[in-house]
There are 4 protein chains.
Amino acid sequence: MPDRTPQQDAERPLRADARRNRQRILDAARDAFVEEGTDAQMEDIARRAGVGVGTIYRHFPTKRALVDELVEQWLAGNAAVAAEALELPDAWEALSLYLRRGAEDMMQNRGLRQAYGDLGKLFEEGVGPKNRELVSNVGKLLDRCHEAGVLRADVGFAEFRALMYGLAMASSNADTPGAQQIYADVFLRGLRP
Amino acid sequence: MPDRTPQQDAERPLRADARRNRQRILDAARDAFVEEGTDAQMEDIARRAGVGVGTIYRHFPTKRALVDELVEQWLAGNAAVAAEALELPDAWEALSLYLRRGAEDMMQNRGLRQAYGDLGKLFEEGVGPKNRELVSNVGKLLDRCHEAGVLRADVGFAEFRALMYGLAMASSNADTPGAQQIYADVFLRGLRP
Amino acid sequence: MPDRTPQQDAERPLRADARRNRQRILDAARDAFVEEGTDAQMEDIARRAGVGVGTIYRHFPTKRALVDELVEQWLAGNAAVAAEALELPDAWEALSLYLRRGAEDMMQNRGLRQAYGDLGKLFEEGVGPKNRELVSNVGKLLDRCHEAGVLRADVGFAEFRALMYGLAMASSNADTPGAQQIYADVFLRGLRP
Amino acid sequence: MPDRTPQQDAERPLRADARRNRQRILDAARDAFVEEGTDAQMEDIARRAGVGVGTIYRHFPTKRALVDELVEQWLAGNAAVAAEALELPDAWEALSLYLRRGAEDMMQNRGLRQAYGDLGKLFEEGVGPKNRELVSNVGKLLDRCHEAGVLRADVGFAEFRALMYGLAMASSNADTPGAQQIYADVFLRGLRP
DNA sequence: TATGAATGAGGATTCATTCAT
DNA sequence: AATGAATGAATCCTCATTCAT
């Protein structure tokens, strides 16, 4: 993730306290966006972080930049999940694991769902470096499945990510705790050739 | 839908021109929400309807009430689609038709997707009379499928509507035109027992 | 002056109350800018006008637009002064009158002086229709003087306006009341061939 | 100029590095104000000086104090110009030289023009010690001219400085390079008895 | 009854100044 | 003594809602 702090040259690392604050802001923002969605207010985020608004703006030039950064972090986490899944020997198990965990993350995050809905195409190649990693990892998961013949041939990366998004959205409307499990099953069953 | 206009006694029907205005407002609002999502502005809606803002507020006490009314109308339309589907002799064909058409409607309507995402639980019983009809019709579609053994037993009304929402959301992110078709296939395949 | 009110088509005149408010806003803004310069606050202007901030924004999309409008009005007034001066039979008397009155107006208006200083080139042709009138009128004043041989040949419109601005600025720093008169005399003497 | 640094007793001179920093800050501030006017930002000045903002505040308690100091320096320079001019044998030549050079300096300095315009009365006696020197030198220039009968009798120090300011402001709006020369000529002609 | 002008709380962002490192 | 991160009051502007015409 590139450093967006305007006062920082790419080289010089942030002072210890600044780095701490930056993280507190990101954590607070994530919480706020998870709970209140994208229109959580900067003041609220600042309050949660125990910081003045100005401090947020020292680290992120714009509310949008803050959201972007969170998305970027989520992409990084998601790529890591995919990497983890790749360790499983069975191709289908690996894809299942990734789908479940990815959808679950997104489901729990209202801001992320909104960002995804508003901006669309979050996973597009070229959005950022973390994204490239994600695309690559998920591509491998899909390829393995295709080779093993356990996945519909017409489901590529774009289709898979849209479906994962759909699963997350369905899950976010789950009433009963078991429902989520059912939704994932439905999706996975539907993905078989 | 009950008349929400405050100046109206429940009994007295609206004057002809008032009824006309009401419909123009609803049409304009639907267009606006479809295009711009939930944060379309009241002024914009008024302009589209060829009406002053004040007139909107004469018919709907609140922006939220206007959105609710559109949702209600959408539910009515959706119930009609379900009723139509019920005419098909084959249980599975009927359900498929309903799922595809319902998801498509929602997919095309940004405001509806947002409303659904923000408010959640749009289909809850008790939201309004139209909803009761919808619940009943879709219930029949599902029952027929269950009886015919062509639908997973653990998918009831709540599950089905969440999945339909998921399908709509996935479809709204479709890049290629064919993708939508694929998503519907995946869902339908997944719904088989 | 073109109508800048966004909600208005050029044709339809403002409602009586709106026109009244528009004028009150302009008056209040002029006062505020005269006293506090260009960074008078919108809230302050609204308060002076006895109006909410929103009302200002209904009439002028931007603080800058409000300032521009005031400048435009000042240009109109200035053009009128020039027109009046043109009625005098003596070429030099006419120019003198115009210089004195124009400089005096500007001198009294801190906001105008700032606008002029910040933006520069207020009198440039093409800024607005009123400006064209002004350029034309002052051009005539100067031509008459040149023909009569009572004005330095190297002082054209651009030079004259810069000098008038200089006079206004000098005058705005006058300590004694008579000083202003002296400054004008100096300028006028200097302008003779 | 008295030392304004709060940590300094009036007596103790600044350490060598502190003095160096102080000058770098002043130079940077002058550049910034010349280019961007009075609303150049403290951070920008600090950056130009290669110094942290905090360091500026160690030397100057307030942005205003920094501006004041620059004005004071400008006054010193101006006094020096006047002193130089006094060396010329001809009274009128001396005054002309001083007027031209002084106006030119001010013309080139946007911040100075603003400061002058905003604060007014920069040359008032009593503003600072440098000012006294300036008042004295310019007083001599004027006296010599009065004695030689080459200057309007009603132009004293206050009038002369206001006019010089006016000339600077006029010049700052000069389009053509030659215009400036014309303005100075006009002023000088006007100053003759 | 319809209109659209007015309202004003609210929200993002800036920047002089303070203060912990 | 220097640094630059943190602060938060201040400021412009938006938009749902109210109300005079």
Side-chain angles (χ1 to χ4, degrees), chain A residues 5 7-8 12 14-22 25 39-46 49-64 66, chain B residues 7 14-15 17-18 21 39-47 50-64 66, chain C residues 5 7-8 12 14-22 25 39-44 46 49-64 66, chain D residues 5 7 14-15 17-18 21 39-47 50-64 66:
Chain A
T5 309
Q7 290 77 6
Q8 284 294 322
R12 189 132 48 96
L14 288 167
R15 250 167 49 183
D17 56 344
R19 193 162 48 246
R20 195 161 43 249
N21 265 341
R22 182 186 167 88
I25 289 168
D39 35 68
Q41 296 164 221
M42 294 303 264
E43 290 260 355
D44 179 33
I45 295 172
V51 142
V53 244
T55 303
I56 299 185
Y57 282 92
R58 164 165 286 267
H59 288 278
F60 304 94
T62 260
K63 185 178 179 179
R64 170 65 193 265
L66 180 54
Chain B
Q7 291 75 5
L14 288 167
R15 261 172 38 187
D17 57 342
N21 263 346
D39 35 69
Q41 293 166 222
M42 295 302 266
E43 289 261 353
D44 179 32
I45 295 171
R47 197 161 29 246
V51 144
V53 247
T55 305
I56 299 185
Y57 281 92
R58 169 162 299 272
H59 289 281
F60 305 93
T62 257
K63 185 179 181 180
R64 170 64 193 264
L66 179 54
Chain C
T5 311
Q7 291 76 5
Q8 285 293 321
R12 190 131 48 96
L14 288 167
R15 251 167 47 183
D17 57 344
R19 194 163 46 245
R20 195 161 41 250
N21 265 340
R22 182 185 168 89
I25 289 167
D39 35 67
Q41 295 163 221
M42 294 304 264
E43 290 258 353
D44 179 33
V51 142
V53 244
T55 303
I56 299 186
Y57 282 94
R58 164 166 285 267
H59 288 279
F60 304 95
T62 260
K63 184 178 179 179
R64 168 65 193 263
L66 179 54
Chain D
T5 309
Q7 290 76 6
L14 289 166
R15 261 170 40 183
D17 57 343
N21 264 345
D39 34 68
Q41 294 165 223
M42 295 301 267
E43 289 261 354
D44 179 32
I45 295 171
R47 198 160 30 245
V51 143
V53 245
T55 304
I56 298 185
Y57 280 91
R58 169 160 298 274
H59 289 279
F60 305 93
T62 256
K63 186 180 179 179
R64 169 65 193 264
L66 179 54

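A, B, ... follow the sequence lines: proteins, then strands. Residue 1 opens every chain.
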A.B. asks: Any chance you could measure Arg22(C), atom CZ, to Thr55(C), atom OG1, to the nearest 0.5 Å?
C.D. replies: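 OG1 of Thr55(C) is found 13.5 Å from CZ of Arg22(C).
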
A.B. asks: Show the nearest heavy-atom pair for residues Ile25(A) and Phe60(A), with the distance to one decimal.
C.D. replies: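 Answer, listing the atom of Ile25(A) first, then Phe60(A): CG2-CE1, 3.9 Å.
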
A.B. asks: May I ask you to evaluate whether Thr55(D) reaches the phosphate of dT3(F), defined as a side-chain N or O under 4.0 Å from OP1 or OP2?
C.D. replies: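 So the side chain of Thr55(D) is within the cut-off, an N or O lying under 4.0 Å from OP1 or OP2 of dT3(F).
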
A.B. asks: For Asp44(D), what residues pass the side-chain hydrogen bond (donor to acceptor under 3.5 Å, both in side chains) criterion, not counting sequence neighbours?
C.D. replies: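 If we apply the side-chain hydrogen bond (donor to acceptor under 3.5 Å, both in side chains) test to Asp44(D), skipping adjacent residues, the hits are Arg48(D).
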
A.B. asks: Please give me the minimum heavy-atom distance between Ala46(B) and Val53(B), naming the atom from each residue.
C.D. replies: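 Shortest heavy-atom separation between Ala46(B) and Val53(B) comes out as CB-N, 3.8 Å.
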
A.B. asks: With a 4.0 Å limit, can you tell me whether Asn21(D) has a side-chain N or O closer than that to the phosphate oxygens OP1/OP2 of dA2(F)?
C.D. replies: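 Indeed, a polar side-chain atom of Asn21(D) lies that close.
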
A.B. asks: For a quick check, with a 4.0 angstrom heavy-atom cut-off, what is the B/S/- contact string for nucleotides 12-21 of chain F, read 5' to 3'?
C.D. replies: SBBSSBB---

A.B. asks: If I take atom CD1 in residue Ile45(D) and atom C1' in nucleotide dC15(E), what distance separates them, rounded to the nearest angstrom?
C.D. replies: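 Distance, rounded to whole Å: 12 Å.
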
A.B. asks: Among the nucleotides dA6(F), dT3(E), dA1(F), which one has an atom lying closest to any side-chain atom of Arg58(D)?
C.D. replies: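 Closest nucleotide to the Arg58(D) side chain: dA1(F).
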
A.B. asks: For the pair made of CZ in Arg19(C) and P in dG4(E), what is the distance, rounded to whole Å?
C.D. replies: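 Rounding to the nearest Å, CZ of Arg19(C) and P of dG4(E) are 16 Å apart.
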
A.B. asks: Rounded to the nearest angstrom, tell me the gap between atom CD1 in Ile56(B) and atom C1' in dG4(E).
C.D. replies: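 Spelled out: CD1 on Ile56(B) to C1' on dG4(E) is 12 Å.
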
A.B. asks: Tell me the interatomic distance from Asp44(C), atom CG, to dT11(F), atom P, rounded to whole angstroms.
C.D. replies: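 One finds 10 Å between P of dT11(F) and CG of Asp44(C), rounded.
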
A.B. asks: Okay, side chain of Lys63(A), backbone of Gln41(A): is any donor-acceptor separation there less than 3.5 Å?
C.D. replies: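 A pair under 3.5 Å: no.
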
A.B. asks: Kindly give the heavy-atom pair with the smallest separation between Ile56(D) and Leu66(D), and that separation in Å.
C.D. replies: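 Closest heavy-atom pair between Ile56(D) and Leu66(D): CG2-CD2, 4.2 Å.
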
A.B. asks: Starting at NE2 of His59(A) and ending at C1' of dA5(F), how long is that distance when rounded to a whole Å?
C.D. replies: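 Between C1' of dA5(F) and NE2 of His59(A): 7 Å.
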
A.B. asks: Grab the stems for DNA chain F, please: at least three consecutive Watson-Crick or wobble pairs, both distances below 3.5 Å, written as range with range.
C.D. replies: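 Listed by first number, the stems are E:2-21 with F:2-21.
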
